[in-house]
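Computed over heavy atoms, backbone and side chain alike; hydrogens, waters and symmetry mates excluded.
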Amino acid sequence: MYPALTKREGLGLHLPKPPVQHPRLYLTGKDIPGLKEKTASPLLRDCWNKIVDAAAFSTDGYLPLTGQTHNNNIAVSNAIEAKALMYVLNKQADLGRDAVDAVLHYYATLKISPDRPDVTREVGRAIVTGSMVYDWCYDLLTDAEKTTLIGRMETLATAMEIGWPQIKGSSLTGHTVEAQLSRDMLSLAIATYNENPNIYNRVAGRIFAEFVPARRFYYPAGYHHQGSAYGAYRFSWEMYATFIFDRMGYPDLYGKEQKKVPYYFIYARRPDGQLLRNGDDYNEHSHRFGKWWQLGQSAMFLAGSYHNDPVMLAEALKERTIGESRDYLFEFLFSNKKAISAANKTSLPLTNYFAPPFGAMIARTGWEDGLKSPSVVAEMKVQTYNFVNHQHLDAGSFQLYYKGPMAVQSGVYQGINGTYGDEHFKNYAQRSIAHNTLLVYDPNEKFTWHSKAVRNDGGQRYPNDAHEPDTLNEVIGRGYKTGQVLAHAVGPDPVKPEFSYLKGELAEAYSDKVKSFKRSFVFLNFNEPAIPAALIVFDQVSVSDPDFRKYWLLHTVEEPMIEGIRTTVKRTGRGYGGKMINTTLLPMANDLTIDKIGGPGKEYDVFGVNYPQAVNPSTSSADSTVWRIQVRPKKSAAENSFLNVMQVMDIHNTSPVDKLPKLVETEEFIGTRIGDRVVLFSKNGRLVGEQFHLKITGKGVVKVLIADVQEGDWKVSSKNSNNQIKSVSQVLYLTLDAGDYTFSRK
C-alpha cells in the first residue's frame with residue numbers, strides 16, 4: 001500500500017515518537033487541568049460558549065445524500081469535535097459515544113465536491129475532525145471502528161493536493177506548506193500511530209527532513225518570505241505544527257528564532273490598520289477601508305501564546321476578539337492567558353533590522369495608530385533571496401507612509417477579473433515595474449513565467465522561470481539569490497535612532513545586463529512635527545551596455561506634480577492628509593528627465609501596453625496605486641548614480657523651503673544636506689580608508705552621517721579640536737560645528 005520511504009520523507013532519520021497513551025493530539029493528560037481552568041477565563045468566554053453550544057447541537061452525523069454533489073456541514077463537524085472535547089475533559093461518556101457514532105456517520109455520507117475552490121483545505125479539515133475523535137475518544141472505539149476511521153481518513157487524503165500516500169509539493173512554498181501536512185495529515189498520523197505508524201513516519205519524516213531545516217534557515221530573518229498576506233497565513237500553519245509537537249513533549253520544533261517572525265507584521269503595520277504591502281496581498285480585498293486588518297489564521301495569537309509574548313498577544317487582541325473565528329476550538333486549546341498583560345509595542349525599538357535571507361529594515365518615528373497619527377513608517381529592502389510563488393521581483397524596493405501611503409507597491413492581486421497567473425499578475429503586479437526599485441531596459445531581453453512569455457518590463461529576472469523550489473538545498477544552489485547586504489546600522493540611540501542605514505548589492509536580482517547595482521538607504525528621524533522624517537535613496541549602477549535605459553521608479557496613489565527636480569505627492573480623501581516631496585539631486589538637472597506615467601488607460605502601463613485590473617471600492621481597502629514617476633538620465637552611459645530625497649509632511653505644510661535638500665560633494669563623497677543633517681556616500685562605491693576632508697558651513701551644529709568608510713578607529717581634527725570616533729558598520733556619525741575637518745584612519 002505504501003511506497004518506500006525516500007530521503008524527502010525522512011528515510012534514516014530518528015523521529016520523535018508520539019506518546020503511547022491517549023490523548024496525545026493537541027493535548028495530553030497533563031494539559032487537562034489547565035484546560036478546565038480556561039473554561040472560567042473571561043478572555044476565552046466566547047471560545048468556551050461556542051464549544052458548549054456546539055456540543056449541545058443535536059446531530060447524528062448523517063449528511064443529506066439526495067441530489068447533492070456537496071453536502072459538508074460545518075455545524076455538524078463542529079458539534080462532533082466539541083462533543084469529543086467534552087468527553088476528554090470531563091469523561092462525559094454519552095457525549096463521547098455520540099461523537100464516535102456521529103463521525104462514523106459523517107464519513108459514511110460526506111461528499112466534498114472537487115470543483116470547490118481550494119477543496120484541499122476542506123478535505124483536510126474533515127480529516128482533523130476524525131483525528132480528534134480517534135484520539136480523544138480512543139478508549140470508546142472498537143477495533144473495527146478504528147479500522148473504519150483510518151480507512152475513511154486515508155481515502156479523503158488521496159483527494160488532497162499533496163497526495164497520499166506519496167507526499168508531493170514544495171517544502172517552502174505553495175499549498176503544501178499550509179495546513180495539509182502541518183496540521184491535517186500530522187493530526188491523523190499522531191492519532192493513529194499505534195495502529196498504523198506508517199502514516200506518522202511519512203508525514204513527520206517529511207517535516208523533519210525538509211520543513212525544519214528550511215524554516216531554521218529563514219526564521220533568523222524575523223520575516224516570512226511569502227509576504228504580508230500569505231506569509232502570515234502560512235506562518236500560522238507552522239505554528240500549528242509547533243504546538244502539536246510541543247504537546248507531545250517535543251518543544252521548539254523550528255527553533256527559538258520562530259518568535260522573531262511575527263515582529264515583521266508588527267513593524268509593517270501602518271497607522272491606518274493596514275500593512276505595508278509585501279508580495280501578493282489579498283488582505284486589501286477582504287477588509288473594508290477603516291477595518292483593522294486581521295492576519296491569516298490567528299498567526300499573531302498563536303505565536304504570542306506559544307512564545308509567551310505579551311506584545312504579540314496585545315496586537316492579536318486588536319485584530320479581533322479571541323473566539324471570533326471558525327477555529328475557536330483551537331484558540332481555546334492553544335491560548336496562553338497568562339501572557340496577557342498591559343505590555344504593548346511602544347516599548348520596542350523604532351527600527352528593526354531583518355537579517356538575510358531577507359535583508360531589510362523597517363524604520364518608524366512612533367507607534368501611534370489612526371489616520372491622523374504622526375508616525376512615519378519606511379521599509380527599505382535588499383532581499384537577499386527570492387523564494388518565488390507569492391514573492392515579488394522587488395529587490396531594492398522601498399515604501400513610505402505618513403498620514404497616508406506616500407511611496408507604495410502598485411498592482412492588484414486577485415482583482416475583480418483576475419487571479420493568480422492572469423495577465424495583470426505576471427506582466428505587472430509581480431514584476432519590478434510595479435515597485436519602487438530600478439529598471440534597466442534591454443530591448444532584446446526575454447522574460448518567462450513558467451515557460452510562458454511575458455512582457456519585457458526592464459526589471460528583475462524570474463528566478464529559474466518562477467519554478468517553486470522544492471527544498472532548501474535548491475534555493476541555496478540554483479539562482480534564487482538576489483542580493484547581498486553590505487552594511488546596516490542605526491544610531492546613536494538604538495531604541496529611538498536618529499538614523500537608520502541599509503546598503504546592498506542587487507545585481508544578482510537581474511540578468512547579466514546589470515554588472516553592479518548598489519543601493520543605499522538612509523532614514524532620518526528629525527523628531528519634529530513640521531517635517532518629521534526623510535528617506536534618502538542613493539544608487540550606483542553599472543550596466544553591460546551603455547545604451548540600456550535606466551529608470552528609477554516611485555509609485556504613488558494620487559497624481560504626482562513635477563516641478564524641475566522636485567516631485568510632490570499628496571494623499572487626500574478617506575481621512576488621510578499627508579504630503580511628500582521627492583527631490584532628485586542625481587542625475588544633475590542638465591542630464592535629468594522625470595516622466596509621469598498613469599491615469600485612465602495607463603494605470604498599469606508596461607512600456608506602452610496597459611494591463612488593466614480593478615478592485616471593488618465598496619468592499620476594498622486597496623491603495624489603488626495608479627501613478628508613478630520614472631527618473632532617468634538623458635545621456636547614455638555605462639554607469640550612473642541616482643540620489644533622491646523624500647521628505648514627508650502634513651498636507652497643509654506649504655513652506656518647507658528651509659528644509660529642502662541640497663547636493664553636497666567632496667572629492668571622495670557625494671550626498672545631501674537637509675537643515676542640520678548631512679548624509680554622505682562614497683562616490684565610487686568603494687569603502688574609503690584614506691584621509692579625507694570635509695567643510696561644514698552655516699551656523700549651529702550639524703549632525704553628519706558618513707557612509708562607506710572602512711571600519712575601525714578614526715581621528716577627526718580641526719584647528720580647534722581633535723576627536724576620536726569609531727566606524728561601526730561602515731558608518732561614521734558625529735556632531736560638528738561649522739569649520740574645516742580632516743578625517744584620518746588610525
Report task. Go through Asp623 and Thr625 one step at a time and tell me if the side chain to side chain donor-acceptor pair (under 3.5 Å) criterion holds. Result -> CA-CA 6 Å; Asp623 286 336; Thr625 306; 4.8 Å; no
Requested in this report: Please lay out, stage by stage, how Lys50 and Glu324 fare under the test salt bridge (Lys or Arg N to Asp or Glu O under 4.0 Å).
Outcome: CA-CA 9 Å; Lys50 286 184 177 181; Glu324 188 180 320; over 6 Å; no
Requested in this report: Test side chain to side chain donor-acceptor pair (under 3.5 Å) on His224 and Glu238 and set out the steps.
Outcome: CA-CA 11 Å; His224 198 292; Glu238 295 159 14; 3.2 Å; yes
Requested in this report: Step by step, work out the side chain to side chain donor-acceptor pair (under 3.5 Å) result for Asp246 and Tyr306.
Outcome: CA-CA 9 Å; Asp246 183 89; Tyr306 186 82; 2.8 Å; yes
Query raised in the report: After noting the C-alpha distance and the side-chain angles of Arg571 and Met406, does the key distance pass the side chain to side chain contact (heavy atoms under 4.5 Å, CB included) rule?
Result: CA-CA 7 Å; Arg571 189 65 187 98; Met406 296 285 103; 3.2 Å; yes
Requested in this report: Could you please spell out the steps behind the salt bridge (Lys or Arg N to Asp or Glu O under 4.0 Å) verdict for Arg574 and Asp272?
Outcome: CA-CA 10 Å; Arg574 284 188 159 182; Asp272 62 357; over 6 Å; no
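Evaluation of the side-chain hydrogen bond (donor to acceptor under 3.5 Å, both in side chains) test over residues 294-305, restricted to residues two or more places apart or in two chains, returns Gln297-Asp327, Ser298-Arg320, Ser298-Glu331. For residues 342-358, the pairs satisfying salt bridge (Lys or Arg N to Asp or Glu O under 4.0 Å) are Glu315-Lys345, Lys345-Asp369, with sequence neighbours left out.
When the salt bridge (Lys or Arg N to Asp or Glu O under 4.0 Å) test is applied to Lys518, the partners found at least two apart in sequence or on another chain are Glu505. The side chain to side chain contact (heavy atoms under 4.5 Å, CB included) search around Arg247 returns Asp31, Phe243, Phe334, not counting sequence neighbours. When the side chain to side chain contact (heavy atoms under 4.5 Å, CB included) test is applied to Leu43, the partners found at least two apart in sequence or on another chain are Ser41, Leu317, Ile322, Lys337, Ile340. The salt bridge (Lys or Arg N to Asp or Glu O under 4.0 Å) test applied to Lys481 returns Glu508, not counting sequence neighbours. Checked against side chain to side chain donor-acceptor pair (under 3.5 Å), Thr351 has the following partners two or more places apart in sequence or in another chain: Ser500. When the side chain to side chain contact (heavy atoms under 4.5 Å, CB included) test is applied to Ser228, the partners found at least two apart in sequence or on another chain are Leu275, Asn278, Asp281. Considering only residues two or more places apart in sequence or on other chains, Glu37 meets the salt bridge (Lys or Arg N to Asp or Glu O under 4.0 Å) condition with none of them. Partners of Lys703 according to the salt bridge (Lys or Arg N to Asp or Glu O under 4.0 Å) rule, which considers only residues two or more places apart in sequence or in another chain, are Glu498. Tyr240 meets the side chain to side chain donor-acceptor pair (under 3.5 Å) test with no other residue; sequence neighbours excluded. For Val664, the side chain to side chain contact (heavy atoms under 4.5 Å, CB included) partners are Arg673, Leu680, not counting sequence neighbours.
Evaluated for a side-chain contact (heavy atoms from CB on, under 4.5 Å) with Arg270, the options Leu276, Val377, Leu371 yield exactly one hit, Leu276. Screening Arg364, Glu368, Lys403 against Ser375 for a side chain to side chain donor-acceptor pair (under 3.5 Å) leaves a single residue, Glu368. Partner of His307 under the side chain to side chain donor-acceptor pair (under 3.5 Å) criterion, out of Lys256, Lys259, Gln258: Gln258 alone. With Phe681 as the partner, the side-chain contact (heavy atoms from CB on, under 4.5 Å) test is satisfied by one option alone out of Asp539, Leu705, Leu643: Leu643.
Atom OG in Ser727 sits 5.0 Å away from atom CG in Leu732 (nearest 0.5 Å). From Leu535, atom CG reaches atom CD of Glu379 across 11.0 Å, with rounding to the nearest 0.5 Å. Put simply, OG1 on Thr619 and NE2 on His285 are 9.0 Å apart, with the number rounded to the nearest 0.5 Å. Of the inter-residue distances, the one linking Trp48 atom CH2 with Leu35 atom CG reads 9.0 Å to the nearest 0.5 angstrom.
Not a single donor-acceptor pair under 3.5 Å links the side chain of Ser182 to the backbone N or O of Ala179.
Under a cut-off of 6.0 angstrom, the local environment of NZ in Lys496 is sparse, with at most 12 non-hydrogen atoms contributed by other residues, nucleotides or ligands. Counting non-hydrogen atoms of neighbouring residues, nucleotides and ligands closer than 6.0 angstrom, the NZ atom of Lys260 exceeds 12 such neighbours.
Under 3.5 Å, the side chains of Lys38 and Ser335 contain a donor-acceptor pair of N or O atoms. Between the side chains of Trp293 and Ser286, no donor N or O sits under 3.5 Å from an acceptor N or O. Using a 3.5 Å distance cut-off with no hydrogens or angles, the side chains of Thr572 and Glu558 do pair a donor with an acceptor.
Between Tyr576 and Phe289, the ring center distance clears the sub-6.0 Å criterion. Taking the six-membered ring for Trp, Tyr264 and Phe354 have ring centres closer than 6.0 Å. Between His435 and His392, a ring centre-to-centre spacing shorter than 6.0 Å is recorded. Taking the six-membered ring for Trp and the full ring otherwise, the centers of Tyr26 and Phe330 sit less than 6.0 Å from each other. A distance of 6.0 Å or more separates the ring centres of Tyr353 and Tyr501. Taking the six-membered ring wherever Trp is involved, the centroid distance between the rings of Phe208 and Tyr250 falls below 6.0 Å. Note: Tyr218 and His225 meet the aromatic proximity criterion, with ring centroids under 6.0 Å apart. For Tyr267 and Trp367, the gap between ring centers is short of 6.0 Å. Aromatic ring centres of Tyr230 and Tyr282: separated by under 6.0 Å.
Nearest heavy-atom pair across Asn283 and Ser621 is O-OG, 4.3 Å. When all heavy atoms of Ser624 and Val615 are compared, the closest pair comes out as OG-CG2, 3.8 Å. Across every non-hydrogen atom of Leu502 and Met361, the tightest pair is CD2-N, 3.9 Å. Closest of all the heavy-atom pairs between Tyr401 and Pro271 is CE2-CD, 3.3 Å. Nearest approach of Arg269 to Leu295, heavy atoms of both residues: NH2-CG, 4.2 Å. Between Thr365 and Pro532, the shortest heavy-atom contact is CG2-O, 4.2 Å.
Between Glu284 and Arg277 there is a salt bridge, since at least one side-chain N of the basic residue sits less than 4.0 Å from a carboxylate O of the acidic one. A salt bridge does not link Lys579 with Asp650: every distance from a Lys NZ or Arg NE/NH1/NH2 to an Asp or Glu carboxylate oxygen is 4.0 Å or more.
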